[in-house]
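See below for the structure under consideration.
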Amino acid sequence: MGPMLRWALAFAAVLGLAAWFLTAPGRITAAELSQFEPDVEHGERIFLAAGCASCHTAPEGTQRGNGTDGPGGTGPVLAGGQRFVSDFGTFLAPNISSDETHGIGAWSDAALVTAIMEGTSPDGAHYYPVFPYAAYGLAERGDIVDLVAYMRTLPASDVPSQPHEVSFPFTLRRGIGLWKLAFRQTDWAVPGPLSEPAERGRYLAEALGHCAECHTPRNSAGGLRFSEWLAGAPVPDGPGRVPGITPALLDWSQADIAYYLETGLTPDYDSAGGHMVAVIDKLSQLPQEDRDALASYLVELPGR
Amino acid sequence: MTHTIPLRLALGLALPFAVLAGIATAESHADKAGMAAMKARQAHMSLYAYNLGQLGGMAKEQMPYDAQAAGAAASNLAALARLDQQGYWPEGTAHGEMEGSDALPEIWTSMEDFDAKSEALVQAADTLEAQAGTDLAGLQSAMGDVGKACGACHKLYRKSDD
């Protein structure tokens with residue numbers, strides 16, 4: 001082996017090792033969470049704002065009990081089974097109910113916070129970014145601790161999680177580490193300066209409500225185009241488009257936006273449809289100040 | 001008798017054309033009927049929106065609350081929701097089949113659920129009718145449920161657009 005070749009091999013090995021470490025799944029430890037005192041009631045507010053139930057309840061028409069509110073109004077049953085179509089395959093939302101075998105009942109708080117904020121599974125694999133952990137990673141850890149405490153109060157379902165329908169190479173979860181390095185949102189998309197309510201709105205929209213997952217167009221690798229933030233995108237699983245909601249594309253007043261987020265009624269008294277309905281279903285249960293904050297954020301977005 | 005063969009031949013030739021022409025007129029009739037149905041249902045939605053608009057202005061407190069006007073608009077809405085609408089949805093008028101249609105094909109594969117969702121609007125509009133003329137708080141709370149009833153149907157059965 002000539003010195004050049006040896007050099008090249010060593011170099012490749014270092015690169016590979018570096019890549020392996022750089023794509024290592026992130027974790028949050030129990031010690032890092034010990035300072036937080038879980039608040040279940042506040043956790044419900046975070047859960048609603050984050051829209052977990054929009055994806056993790058059973059597909060419409062197949063729920064047991066009375067739909068999203070669970071048998072006897074005990075809160076949603078997060079049985080999973082909804083399908084998410086993408087260019088990379090179809091993902092099926094897993095069961096994240098409190099069931100010990102089929103849900104997350106036996107997971108530690110740290111394992112759950114790690115899944116939600118880092119996109120890492122208990123056995124150290126990366127989750128697919130269809131689970132919007134990139135957004136949730138921007139949240140306050142204390143809020144996610146509250147959310148986890150609330151999730152544990154929800155009913156159990158013994159419906160097993162279904163496998164995803166993706167093919168090679170997207171079956172290699174390690175590769176998602178590279179995706180995270182390249183495309184995961186690590187800071188606010190709208191740096192500001194913003195008014196105080198709009199800053200709260202930014203937290204609700206960018207960290208919890210993951211509005212951009214639907215309203216921002218993507219590049220060919222499925223990463224959000226931050227330069228076209230909330231400018232509208234195709235509906236992934238059917239005909240039509242998700243509208244742009246920047247001031248240049250949506251000329252509604254702040255009060256009109258807040259009213260839409262509460263009732264689904266537009267300023268022309270048409271009503272929301274498609275994927276926005278599930279979002280409004282949750283936002284309508286938040287305090288008015290949260291919808292007002294979201295509306296301030298939208299009217300203060302750049303791109304007038 | 002001498003012209004039997006030519007006559008038969010003529011008939012034989014003409015018949016397929018006549019049948020084809022018949023189909024063509026039938027088809028354009030269906031097209032016209034479908035187009036009319038689409039326009040009718042869209043106009044019906046506009047009537048909902050107009051009456052909701054009267055109520056929404058008050059609910060948002062952009063217009064002063066007027067019990068009489070609110071009651072009237074809510075009664076209109078309830079009456080509109082009750083109208084028999086089965087003729088609005090002929091086959092062949094889905095998005096992709098008819099220009100200008102945002103009605104998703106799922107309507108025709110889930111008619112029972114679709115009807116249940118129209119019935120839910122009747123319920124919500126009845127509650128609104130009962131509350132709109134009472135006071136502003138009653139109007140405001142009942143509007144939310146009407147919005148939900150509209151959304152429940154639009155969620156599955158109407159195409160999203162910019």
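All of these numbers come straight from a predicted model, not from anything done at the bench. Heavy-atom basis, side chains included; hydrogens, waters and symmetry copies ignored. Order of the sequence lines fixes the chain letters, A, B, ..., with proteins taken first and strands second; residue numbering starts at 1 for each chain.
Within residues 227-239 of chain A, the residues having any heavy atom less than 4.5 Å from a heavy atom of chain B are, in residue-number order, V235(A), P239(A).
With a 4.5 Å cut-off on non-hydrogen atoms, L55(B) does not touch chain A at all.
Counting heavy-atom neighbours within 6.0 Å of Q288(A) CD, excluding the residue itself, gives a total above 12. Within a 6.0 Å sphere centred on OH of Y50(B), other residues, nucleotides and ligands contribute 12 heavy atoms or fewer.
Atom CG of D270(A) sits about 10.0 Å away from atom CG of L52(B), to the nearest 0.5 Å. Rounding to the nearest 0.5 Å gives a distance of 12.0 Å between NZ of K155(B) and OG of S271(A). Between Y259(A) atom OH and E61(B) atom CD the span is 10.0 Å, to the nearest 0.5 Å.
Among S46(B), A59(B), G151(B), A152(B), the residue making the largest number of heavy-atom pairs under 4.5 Å with chain A is G151(B).
For the side chain to side chain contact (heavy atoms under 4.5 Å, CB included) criterion with K148(B), the lone passing option out of V277(A), I280(A), D281(A) is D281(A).
Partners of H56(A) under the side chain to side chain donor-acceptor pair (under 3.5 Å) rule, at least two apart in sequence or in another chain, do not exist in this structure.
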